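FYI, side chains are in, hydrogens and waters are out, and symmetry mates aren't considered; it's all heavy atoms of this structure. The shown structure was predicted, so the numbers you read here are calculated from the model rather than taken from an experiment. In each ligand, atom 1 is the first atom listed, and ligand 1 is the first ligand listed. We number each residue from 1, following the sequence as shown.
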Amino acid sequence: MFKEIKIVRHNGKQFIPDLLKAQVPPPFRGRPEISALKVDEEALVTLCPTGAIGKNPVSIDLGKCSFCGECAFVFPEKIKFTNDHRIASNCRESLVIKEGEVSPVAFDHEAVSRKIRSLFGRSLSLRQVSAGGDNSCEFELNACGNANFDMGRYGIEFVASPRHADGVVITGPISKNMAEALQVCFDAIPEPRLVILCGVDAISGGVFNGSPALNREFLDKYKADLYIPGNPPHPLTIIDGILKLMGRKK
Ligand code: SF4
């Protein structure tokens with residue numbers, strides 16, 4: 001008995017007591033900041049493998065950024081990545097970080113309908129579909145439910161059947177082979193239903209953008225309710241975004 005108590009005391013707390021106040025320590029790459037310093041913009045744009053960097057003025061689209069860090073490595077005076085992990089948004093335009101911007105990524109709370117808030121504000125069941133994913137986002141979604149992050153404390157859970165789900169979490173760039181399966185799963189979810197895009201591959205196709213092996217027509221038909229950038233996103237980014245969508249966090 002005393003041995004067990006000793007072990008419990010030695011291990012300390014296995015969970016993060018308050019996820020809303022938790023920080024991810026550097027060198028985690030979260031929201032970037034772009035200085036006004038003049039650089040060779042063409043060289044900056046060219047080095048990005050996913051076409052996430054825009055010019056005149058310089059911007060980074062977090063929906064396309066794979067967070068490889070190459071731009072900050074080559075142009076450290078121009079671009080730096082902060083450890084701000086709260087980068088999920090329901091507004092696609094908010095994911096584009098412009099030169100000189102230092103404010104957090106905006107979330108449009110007014111755009112979330114009353115119906116969504118009243119139905120899903122206290123508990124949310126989600127079905128996950130890996131549509132050509134590489135298992136990285138899927139790992140992080142799994143981690144959201146482990147003892148550390150324990151998103152179940154907010155009533156958020158993953159369910160096996162789409163019939164029991166309130167929405168779908170899509171990972172991967174949506175390959176042709178998975179397009180029909182994704183549609184079948186979504187059709188089985190009762191309305192109103194949410195679409196959450198988890199990871200840069202799901203949001204924009206990532207490095208696979210433009211590949212003939214993809215079929216992203218699903219996203220032409222249904223508007224995403226939440227975009228969670230990252231490659232893969234950190235569990236705290238995922239939980240923070242979902243809580244905002246549920247209206248549990250402002
Ligand atoms: S960190 Fe993002 S913006 Fe910078 S080079 Fe890599 S993919 Fe492009």
Participant: In terms of atom number and element, which parts of ligand 1 are under 4.0 angstrom from non-hydrogen atoms of Ser66?
Facilitator: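 What qualifies from ligand 1 is 2 (Fe), 7 (S).
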Participant: So, Ser136 versus Asp134: side-chain donor-acceptor pair below 3.5 Å or not?
Facilitator: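 A pair is found: one side chain offers a donor N or O, the other an acceptor, under 3.5 Å apart.
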Participant: Are His234 and Phe149 an aromatic pair by the rule of ring centers under 6.0 Å?
Facilitator: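 Yes, the ring of His234 comes within the 6.0 Å limit of the ring of Phe149, centre to centre.
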Participant: Only heavy atoms of Thr50, strictly under 4.0 Å: list the atoms of ligand 1 that pass.
Facilitator: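 Once the distances to Thr50 are compared, the set is 7 (S).
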Participant: Near Gly69, which atoms of ligand 1 are under 4.0 Å from a heavy atom of that residue?
Facilitator: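 Contacts of ligand 1 toward Gly69, numbered from 1: 1 (S), 6 (Fe).
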Participant: Which residue owns the protein heavy atom closest to atom 8 (Fe) of ligand 1, what's the atom, and how far is it?
Facilitator: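 Going atom by atom, the protein heavy atom closest to atom 8 (Fe) of ligand 1 ends up being Cys48 SG, 2.4 Å.
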Participant: Please write down residue, atom name and distance for the protein heavy atom closest to atom 2 (Fe) of ligand 1.
Facilitator: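 Nearest protein contact, heavy atoms only, for atom 2 (Fe) of ligand 1 is Cys65 SG, 2.3 Å.
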Participant: Less than 4.0 Å between a side-chain N and a carboxylate O, is that true for Asp220 and Arg216?
Facilitator: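 Salt bridge: no.
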Participant: Can you tell me if Cys71 has an N, O or S atom under 2.8 Å away from atom 6 (Fe) of ligand 1?
Facilitator: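 No N, O or S atom of Cys71 is closer than 2.8 Å to atom 6 (Fe) of ligand 1, so no.
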Participant: Identify the closest protein heavy atom to atom 6 (Fe) of ligand 1: which residue and atom is it, and at what distance?
Facilitator: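 Result for atom 6 (Fe) of ligand 1: Cys68 SG, 2.3 Å.
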Participant: Determine whether Arg92 and Asp61 satisfy the following criterion, salt bridge (Lys or Arg N to Asp or Glu O under 4.0 Å), listing intermediate values before the conclusion.
Facilitator: CA-CA 9 Å; Arg92 182 68 182 83; Asp61 182 351; 2.9 Å; yes
Participant: Please report which non-hydrogen protein atom sits nearest to atom 3 (S) of ligand 1, along with the residue it belongs to and the distance in Å to one decimal place.
Facilitator: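 Of every protein heavy atom, Ile53 CG1, 3.5 Å lies nearest to atom 3 (S) of ligand 1.
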Participant: Cut-off 3.5 Å, side chains only: do Ser35 and Glu77 have a donor facing an acceptor?
Facilitator: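 Looking only at side-chain atoms, Glu77 and Ser35 do not form any donor-acceptor pair under 3.5 Å.
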Participant: Is the shortest side-chain N to carboxylate O distance from Glu33 to Arg31 below 4.0 Å?
Facilitator: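 Looking at Glu33 and Arg31, the cut-off is met.
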